[in-house]
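Every chain is numbered from 1, with letters handed out A, B, ... down the list of sequences.
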Protein chains: 2
Amino acid sequence: MPMEQPEGTIFVQTTLKILGGKWKLLILWHLKDGARRFSELKKLIPGIAEKMLMQQLRELEKDEIVNRSVYKDVTSRVEYSFTDYGKSIIPVLKPLCDWGQAHLKRIERL
Amino acid sequence: MPMEQPEGTIFVQTTLKILGGKWKLLILWHLKDGARRFSELKKLIPGIAEKMLMQQLRELEKDEIVNRSVYKDVTSRVEYSFTDYGKSIIPVLKPLCDWGQAHLKRIERL
DNA sequence: GGAATAACTTACTTTTTTGTAAGTGCAATC
DNA sequence: GATTGCACTTACAAAAAAGTAAGTTATTCC
């Protein structure tokens, strides 16, 4: 088997840099069906600390994956949602979630 | 928008538990075209320490994702490859790598 | 007007992950 | 028989990620 140029390496690493860590994929998962308030996300992701949620959202925002919208009429209402670009992540999310589900079933059987 | 049961949460977390971290997806990426020796992987993944490579391979082995085969005829030849079960990860790997590639292009343009 | 809720921020600690560097045993090659 | 390459192992250190807890500002709700 010939030694391929390690080209894919940089691509996988790029993804990891943007989506890696304990929380980001989880946050994105819960945004995939539409905008969520900060407090909603907190409830949807058991165990996450407010600081972590904030921090990760800020990073996703700066990477232009997530939008932050403040509603001026009803103050202290902030919603996070995918940017159009961010939606390109959904095809990554799905197989990943599916695999987790299948793997869970498997280890339950064993 | 109704608050979904946070079911996907556990699935995403399961995947993260098995495939998370700096190196595992990268290692698997380089196994997707067939078996590789320890020394080959070391070359294919620039910057990885031997200790890390060993450690991650051991974990993938214990999770039954990767096979370790020792060739007795030619000693000190050890090959790592996907188990049949491990191959189920390939559909996760591809979109992830594709997204990284697209994202790289995007940030180069910006 | 007092309490509660929302969306944060900050200082600090702990834990986890990753890295460094040196060393082992064994076989093949010079 | 000395050196080299391979597949590891170990002790230790550094860095990165995550967590805790308290506080801030402003706004509804009673």
Looking at [N], I'd like to know if its phosphate oxygens (OP1 or OP2) sit under 4.0 Å from a side-chain N or O belonging to [X].
{"X": "R68(A)", "N": "dC8(C)", "value": "yes"}
{"X": "R58(B)", "N": "dT9(D)", "value": "yes"}
{"X": "Y71(A)", "N": "dA6(C)", "value": "no"}
{"X": "S39(A)", "N": "dT5(C)", "value": "no"}

Review point. Taking for each residue the nucleotide of DNA chain D bearing the nearest heavy atom, is the 5' side occupied by K42(B) or by K51(B)?
Key: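 Closest to the 5' end, via its nearest nucleotide, is K42(B).
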
How many Å lie between [atom1] on [X] and [atom2] on [N], as a whole number?
{"X": "M52(B)", "N": "dA21(C)", "atom1": "CE", "atom2": "C1'", "value": "13 Å"}
{"X": "L41(B)", "N": "dC8(D)", "atom1": "CG", "atom2": "C1'", "value": "14 Å"}
{"X": "K24(B)", "N": "dT16(C)", "atom1": "NZ", "atom2": "C1'", "value": "13 Å"}
{"X": "E61(B)", "N": "dC8(D)", "atom1": "CD", "atom2": "P", "value": "9 Å"}
{"X": "Q55(A)", "N": "dA17(D)", "atom1": "CD", "atom2": "P", "value": "9 Å"}
{"X": "Y80(A)", "N": "dC8(C)", "atom1": "OH", "atom2": "C1'", "value": "8 Å"}
{"X": "L53(B)", "N": "dA7(D)", "atom1": "CG", "atom2": "P", "value": "10 Å"}
{"X": "I48(A)", "N": "dA7(C)", "atom1": "CD1", "atom2": "P", "value": "14 Å"}

Exercise for review: Give one of base, sugar-phosphate or nothing for E50(A), where a contact means two heavy atoms less than 4.0 Å apart.
Suggested key: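 Contact class for E50(A): base.
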
salt_bridge([X], [Y]) N-O dist < 4.0 Å:
{"X": "E61(A)", "Y": "R58(A)", "result": "yes"}
{"X": "E64(B)", "Y": "K62(B)", "result": "no"}
{"X": "E59(A)", "Y": "K24(A)", "result": "yes"}

As a test of reading the structure: which of [options] is closest to the side chain of [X], going by heavy atoms?
{"X": "K22(A)", "options": "dT18(C), dC8(D), dA18(D)", "value": "dA18(D)"}
{"X": "A49(B)", "options": "dT20(C), dT18(C), dC8(C)", "value": "dT20(C)"}
{"X": "F38(B)", "options": "dC8(C), dT18(C), dA7(D)", "value": "dA7(D)"}
{"X": "M54(B)", "options": "dT18(C), dC8(D), dA18(D)", "value": "dC8(D)"}
{"X": "R37(A)", "options": "dT10(D), dA6(C), dC8(C)", "value": "dA6(C)"}

**Study point:** Shortest non-hydrogen separation from Q56(A) to W23(A) and the atoms involved
**Key:**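 Taking Q56(A) first and W23(A) second, the nearest heavy atoms are CG-CB, 4.0 Å.
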
Review point. Can the positive tip of R37(B) be found less than 6.0 Å from the middle of the six-membered ring of Y80(B), inside 45° of the ring normal?
Key: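 No, R37(B) does not sit over the ring of Y80(B).
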
